[in-house]
2 protein chains.
Amino acid sequence: MARLAARGHNQRVGIQRVADEASVSIATVSRVVSGRGPVNEATRLRVQRVADRLRYRPNASAQSLRTSKTMIMGVLIPDLANPVFVPFLRGVQQVAQAEGYSVLVVDAQRSDEVERRALDRLTEQQVDALVLAGSARDPGHIDELRRAGMAVIDGRDRATPSRSLVPALERPGSIAMCDALAALGHRNIGFVSRSTLADAGRRRWEAIRQRCRQLDLVTERITVNPEAGADSVGAGLDAFVRRGVDPVTALVCSTHGLAPALLGAMGAAGIRIPDGCSFVTYGDSDWALAYRPAISVVTMDLFGVASTMTHRLIAELRGEPPGPGRDPAPARFIRRDSVSDAPG
Amino acid sequence: MARLAARGHNQRVGIQRVADEASVSIATVSRVVSGRGPVNEATRLRVQRVADRLRYRPNASAQSLRTSKTMIMGVLIPDLANPVFVPFLRGVQQVAQAEGYSVLVVDAQRSDEVERRALDRLTEQQVDALVLAGSARDPGHIDELRRAGMAVIDGRDRATPSRSLVPALERPGSIAMCDALAALGHRNIGFVSRSTLADAGRRRWEAIRQRCRQLDLVTERITVNPEAGADSVGAGLDAFVRRGVDPVTALVCSTHGLAPALLGAMGAAGIRIPDGCSFVTYGDSDWALAYRPAISVVTMDLFGVASTMTHRLIAELRGEPPGPGRDPAPARFIRRDSVSDAPG
DNA sequence: TTGTAGGCGTTATCAA
DNA sequence: TTGATAACGCCTACAA
């Protein structure tokens with residue numbers, strides 16, 4: 001069923017071969033395929049046909065070596081196991097691909113050592129640009145790359161370099177959530193997370209605490225260890241939700257990945273949502289929606305954020321102005337059945 | 001806080017620079033940093049020190065051009081939006097990174113055109129190898145790459161080229177599920193999917209149908225359109241589950257991504273799980289476990305599969321024997337609360 | 001409009 | 001054990 005292998009020659013066809021078969025110099029072939037420089041229309045057609053017939057593909061290594069542009073962008077992902085980075089990766093991927101860039105994905109695996117090695121490889125590969133999906137573990141390393149001339153976007157808005165783009169976008173969502181909870185009469189809010197708080201978690205906790213202070217709400221940080229099992233986690237939560245004085249009436253889950261474990265634990269502890277306690281998590285998914293009761297969320301369009309960032313990055317690479325693309329939409333609080341009036 | 005930029009020179013440091021500062025020829029530097037060829041121990045140390053001081057990183061483009069090895073492997077993902085590919089990607093990524101390979105991720109976005117262009121870019125980049133996370137949309141294109149000398153692994157076990165690795169591993173899980181359902185007295189099983197069945201779905205449906213025929217069970221294919229909304233889908237399901245004669249007593253969801261929509265629809269239609277109908281889905285997640293009732297699943301370690309595949313691929317690239325790594329574990333059926341005795 | 005030729009940073013061959 | 005040097009495939013002044 002497969003056509004015969006072309007001519008038996010298994011050699012990669014290079015520019016020279018095309019030049020020979022089209023009876024022109026390699027310079028002309030180069031002009032044709034790269035679209036740069038003047039070429040007679042007739043020759044262009046002839047060369048193009050030959051190139052197509054031979055399935056000629058310019059060797060990217062040679063191009064890079066000559067032009068010192070690889071048309072590759074690296075994406076540093078702090079932890080691929082964390083599903084929040086997937087829409088982000090998709091956004092980068094999609095835009096980059098459409099604009100002719102390839103994407104070298106690097107998973108830092110939550111490890112300094114892995115990150116370091118990966119970044120080194122990226123510089124060896126001479127990637128034209130680097131997109132940071134989250135904070136790098138070693139900001140110094142990133143600065144160094146920047147100084148070496150690499151274009152880097154890390155979610156920090158260049159217009160206001162002191163503030164991160166993602167955090168800035170997420171904050172309104174946190175605030176909206178606090179406001180909604182307050183309006184429903186909640187006075188005691190628990191922020192549930194693992195004992196070590198990642199960058200994103202810290203920002204969220206900070207935003208919530210600040211807003212709640214303004215609203216005169218009490219916030220408490222509750223740490224859990226999902227590995228310890230549902231019963232253990234459930235007991236931990238129970239201590240806050242069912243205590244005699246000023247019990248926590250709303251639980252905010254620090255990250256989407258943690259939510260199922262918390263829900264399982266609450267089930268095990270017999271804490272009913274939302275009667276026993278309201279529940280909100282960061283990050284949305286079909287499962288959060290399908291869950292009974294449906295889970296309220298603070299969510300943001302990471303795909304859109306990544307697209308915007310990547311567009312800007314490419315514009316920068318091309319020396320163009322940032323373009324008319326406006327900032328992506330900020331995060332929102334979506335209230336579903338898991339949030340209701342505070343008891344009492 | 002940052003150290004001063006080194007010497008003001010912003011030039012990328014090349015092998016020549018190192019050679020100069022170490023007072024040797026570039027040939028010697030090359031020998032030292034690549035570790036190939038004889039070098040006097042004293043010179044090696046001296047050169048190494050200079051290289052480190054200058055933070056010399058060999059230019060990968062030049063290396064590739066010379067050696068025609070890029071140390072990059074491509075991964076073709078049919079659709080990054082589908083979360084099942086994430087653990088797979090992680091598996092590839094992790095092994096590749098550890099073995100010194102970079103990973104160029106390509107998302108076909110369910111589009112022939114996008115896939116075609118992406119594969120072309122991969123050949124331009126001269127990737128050393130290609131990992132297929134699923135079936136390519138255009139197998140001919142892949143064959144062509146193979147003929148052009150690219151190492152490709154596509155889940156087809158080289159030992160038995162006629163059978164795919166992933167399907168072969170998944171089949172036992174499907175069989176175990178059918179057996180379990182039969183043992184619980186189910187006689188009528190519905191396989192729920194979108195109207196168009198992807199490759200994986202087709203294999204699953206085939207495996208189920210075949211096993212059920214052996215077990216003397218009736219199977220029906222139920223197609224739904226989640227975009228139509230929960231009520232519509234719910235009504236569609238209801239027609240099978242609540243009909244007078246030989247109602248379907250167990251629903252098997254064709255893919256993990258579809259499960260939340262189905263669960264939502266069943267809720268909307270008032271179909272209780274498992275009393276009204278048992279429920280199983282392909283693919284596992286924390287949410288499936290946290291859902292009430294906990295969802296039974298047929299699941300497989302895609303991360304492990306990808307790791308194994310990548311290890312083999314790298315061994316092949318190095319001309320080594322496949323290595324002692326044994327096949328990854330086959331899929332299993334995990335029974336949870338969503339499956340119970342058939343009514344009646 | 002086309003061709004010639006130099007060079008991008010490495011590796012590898014061959015002499016010294 | 002080292003150094004000079006020819007490729008690798010392509011782009012791009014510059015010359016014709």
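Residue numbering restarts at 1 for every chain, and letters A, B, ... go by the order of the sequence lines.
If you check every strand for non-hydrogen atoms under 4.0 Å, A/Thr43 touches sugar and phosphate atoms only. Using a 4.0 Å heavy-atom criterion, one finds that A/Ser61 contacts no nucleic acid atom at all. Within 4.0 Å (heavy atoms only), B/Thr67 reaches sugar-phosphate atoms of the nucleic acid but no base atom. Heavy atoms of B/Ser30 sit under 4.0 angstrom from at least one base atom. Using a 4.0 Å heavy-atom cutoff across all strands shown, A/Leu65 reaches at least one base atom of the nucleic acid.
Per the geometry, CD1 belonging to A/Ile26 stands 15 Å off P belonging to D/dA7, to the nearest Å. Rounding to whole angstrom units, CD1 of residue A/Ile15 and C1' of C/dG3 are separated by 13 Å.
Nucleotides of DNA chain C nearest to A/Glu41 and B/Arg36 differ in position, and the one nearer the 5' end is that of A/Glu41.
Dashed line: the shortest gap from a side-chain N or O of B/Ser25 to OP1 or OP2 of D/dA4 is not under 4.0 Å. Under 4.0 angstrom from either OP1 or OP2 of C/dT10 there lies no side-chain N or O belonging to B/Ser64.
Considering only the side chain of B/Pro38, D/dT1 comes nearest among D/dT1, D/dC10, C/dT1. Comparing D/dC10, C/dT10, C/dT2 by their nearest atom to the side chain of A/Asn40 picks out C/dT2.
Pairs of residues two or more places apart, or lying in two chains, that qualify as side chain to side chain donor-acceptor pair (under 3.5 Å) and include a residue from residues 76-88 of chain A are A/Asp79-A/Arg110.
With contacts defined as side-chain heavy-atom distances shorter than 4.5 Å, the pair B/Arg53/B/Glu21 qualifies.
One finds no salt bridge joining B/Arg46 and B/Glu41 here, because no Lys/Arg side-chain nitrogen approaches an Asp/Glu carboxylate oxygen to under 4.0 Å. Note on A/Asp112 versus A/Arg137: salt bridge recorded, some NZ/NE/NH1/NH2 to OD/OE distance being below 4.0 Å. Ion pairing of B/Arg116 with B/Asp120 is present here, as a side-chain N (NZ or NE/NH1/NH2) and a carboxylate O approach within less than 4.0 Å.
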Q. Can A/Asp20 and A/Gln16 be said to form a side chain to side chain donor-acceptor pair (under 3.5 Å), step by step?
A. CA-CA 6 Å; A/Asp20 290 349; A/Gln16 183 68 64; 3.1 Å; yes

Look for any protein N or O under 3.5 Å of an N or O in nucleotides 13-16 of chain D and output each such pair with its distance, or none.
none

